[in-house]
2 protein chains.
Amino acid sequence: MKVSTKSRYGMIILIDLARHDGNGPVQVGEISKRQDISVKYLEQLILQLKKANLITSIRGAKGGHVLAKDPRQITIGHVFKIFETNKNMGGCFCNQEDCRMADACRVRNVWQEAIETFYEKLESTSIADIKENICCE
Amino acid sequence: MKVSTKSRYGMIILIDLARHDGNGPVQVGEISKRQDISVKYLEQLILQLKKANLITSIRGAKGGHVLAKDPRQITIGHVFKIFETNKNMGGCFCNQEDCRMADACRVRNVWQEAIETFYEKLESTSIADIKENICCE
DNA sequence: TTAATTATATATTATTTCTGTAGAGTTTAA
DNA sequence: TTAAACTCTACAGAAATAATATATAATTAA
């Protein structure tokens, strides 16, 4: 059970934008240099963040990316839900597609609860809360 | 973020033993047949469950395995902690070994809390609770 | 217009992790 | 003597993840 680097990078991108909030759009090239992530990879990640309405992009020369929301409204939980697929989470121990217990399955229920509380915690913290309290640049 | 099949199998093994509790030791061959897991793989998993004091084994002919505890005292959380390595969980977003924020890092703290509540939930449910409420045999 | 920059989609490679099997010998107890 | 667990190790295949690469289109500032 581990977190993908995509979630980690996703967070880093948003924190980077939060830190440069108000200075005009930030270009992928800048983020790439600062965070040591390839431009092409960044584009893929940013695309997902855009689809989730966390980033707005300005096209053309002098374009770039900015946060689409107040950093206080972007939570860690939200970002993780974008990048984590949660495969095999919330399921049963039996590997059957057609579970004959369906809703009555205790395992499914416990799982569901555990994951919900997990994300609730992560949703209690925003980009704004942490942007100055992490060790990376 | 997904659960390894080892955790799943670990649960299945314990549930199998719980269901045959009181009928003498259960042999790996039986579990293998019932659950369709190879004997060799079972041995590896059982070894880990033994080290965690969840299973006791009886050597020699007519030997086998039994639960080391009351099924009510074996929780899902406990089993998962055995098999999930939690790599990258609880860490920071920065990939640095020598985090210069250390304890002050907000991310680490939030993480820690989220994982704790997650396991707390899973620890509220025992093998005894679920052994009759899952769809697999 | 031109250069800069994002948008989009797809393909490919590399790396890592996970699964599961297998072997070979040891120990224990009926 | 035999059945079964114990232990340790190696390996192979599969799957997932990570990252790079390619190509083309669209947009906009200067």
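Less than 4.0 Å separates DNA chain D from at least one heavy atom of each of the following residues of residues 38-47 of chain A: Ser38(A), Lys40(A), Tyr41(A), Gln44(A).
Atom pair Ile37(A):CD1 and dA19(D):P shows a separation of 9 Å (rounding to whole Å applied). Rounded to an integer number of Å, the gap from Lys6(B) NZ to dT21(C) C1' is 13 Å. For the pair Ile13(A) CD1 and dA19(D) P, the computed distance is 12 Å after rounding to whole Å. Taking atom CZ of residue Arg8(A) and atom C1' of nucleotide dT17(D), one finds them 13 Å apart after rounding to whole Å. Atom CD of Gln48(B) is separated from atom P of dT19(C) by 12 Å (rounded to the nearest Å). Computed from coordinates, the Glu30(A) CD to dA4(C) P distance equals 15 Å when rounded to whole Å. The interatomic distance linking His65(B) (NE2) with dT7(D) (C1') rounds to 13 Å, in whole Å. The interatomic distance linking Leu49(B) (CG) with dT7(D) (P) rounds to 13 Å, in whole Å.
With rounding to the nearest 0.5 angstrom, the CD atom of Glu113(B) is 12.0 Å from the OG1 atom of Thr117(A). Residue Lys131(A) holds its NZ atom at 11.0 Å from CG of Asp16(A), rounded to the nearest 0.5 Å. Atoms CD1 and CG, on Ile15(A) and Leu17(A) in that order, are 10.0 Å from each other to the nearest 0.5 Å.
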Which donor-acceptor pairs under 3.5 Å do the side chains of residues 22-31 of chain B make with protein atoms, sequence neighbours left out?
{"from": "Gln27(B)", "atom 1": "NE2", "to": "Gly63(B)", "atom 2": "O", "distance (Å)": "3.2"}
{"from": "Glu30(B)", "atom 1": "OE2", "to": "Gln27(B)", "atom 2": "N", "distance (Å)": "3.3"}

Please list, pair by pair, any protein nitrogen or oxygen found under 3.5 Å from a nitrogen or oxygen in nucleotides 27-30 of chain D.
{"from": "dT27(D)", "atom 1": "O4'", "to": "Arg59(A)", "atom 2": "NH1", "distance (Å)": "3.2"}
{"from": "dT27(D)", "atom 1": "O2", "to": "Gly60(A)", "atom 2": "N", "distance (Å)": "3.4"}
{"from": "dT28(D)", "atom 1": "O2", "to": "Ala61(A)", "atom 2": "N", "distance (Å)": "3.3"}

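With sequence neighbours excluded, no residue satisfies side-chain hydrogen bond (donor to acceptor under 3.5 Å, both in side chains) with Asn53(A). In this structure, Glu120(A) has no side-chain hydrogen bond (donor to acceptor under 3.5 Å, both in side chains) partners at least two apart in sequence or on a different chain.
Among residues at least two apart or in separate chains, salt bridge (charged side-chain N to carboxylate O under 4.0 Å, His left out) pairs with a member in residues 48-73 of chain A are Asp70(A)-Arg72(A).
Counting any heavy atom pair closer than 4.0 Å across all strands shown, Gly64(A) reaches sugar-phosphate atoms only and no base atom.
Taking the six-membered ring for Trp, Trp111(A) and Phe118(A) have ring centres at least 6.0 Å apart.
Residue Thr5(A) places at least one side-chain N or O under 4.0 Å from the OP1 or OP2 atom of dA19(D). In terms of phosphate contacts, Tyr9(B) brings no side-chain nitrogen or oxygen within less than 4.0 Å of OP1 or OP2 of dT19(C).
Between Lys81(B) and Glu123(B), at least one side-chain N (NZ, or NE/NH1/NH2) sits under 4.0 Å from a carboxylate O, which counts as a salt bridge.
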